[in-house]
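Report on the following structure.
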Amino acid sequence: MRETVWRVAVGLYVCWLVAVVLLVAGRHTPLPSLPGVHESVVLGAGVLTLVGAVSLLRDGYRWLAG
């Protein structure tokens with residue numbers, strides 16, 4: 001089960017990286033900007049920020065408790 005969650009997380013991260021590349025390409029090259037790319041990048045950045053904050057809080061709690 002843990003491996004499946006890990007694979008899904010890595011897959012979503014790769015999709016987010018592709019969306020970032022598409023957003024940059026749509027803004028700074030003549031390529032057309034695709035619908036939904038900006039929202040995907042913002043959502044992915046929010047999720048990554050939340051995951052990072054939870055990780056920092058968990059590590060800080062372990063450091064204080066341990």
Nearest-0.5 Å distance that lies between atom CG in Asp59 and atom CG in Leu64: 11.0 Å
Partner of Val37 by side-chain contact (heavy atoms from CB on, under 4.5 Å), out of Leu23, Val42, Val24: Leu23
Leu31 with Val41, same ILVMFWY side-chain cluster at under 4.5 Å: no
Side chain to side chain, Trp16 and Val47, heavy atoms closer than 4.5 Å: no
Cluster check Val18, Tyr13: I/L/V/M/F/W/Y, side chain < 4.5 angstrom: yes
Side-chain donor/acceptor of Ser55 to backbone N/O of Val51, under 3.5 Å: no
Arg58 atom CZ: more than 12 heavy-atom contacts under 6.0 Å: yes
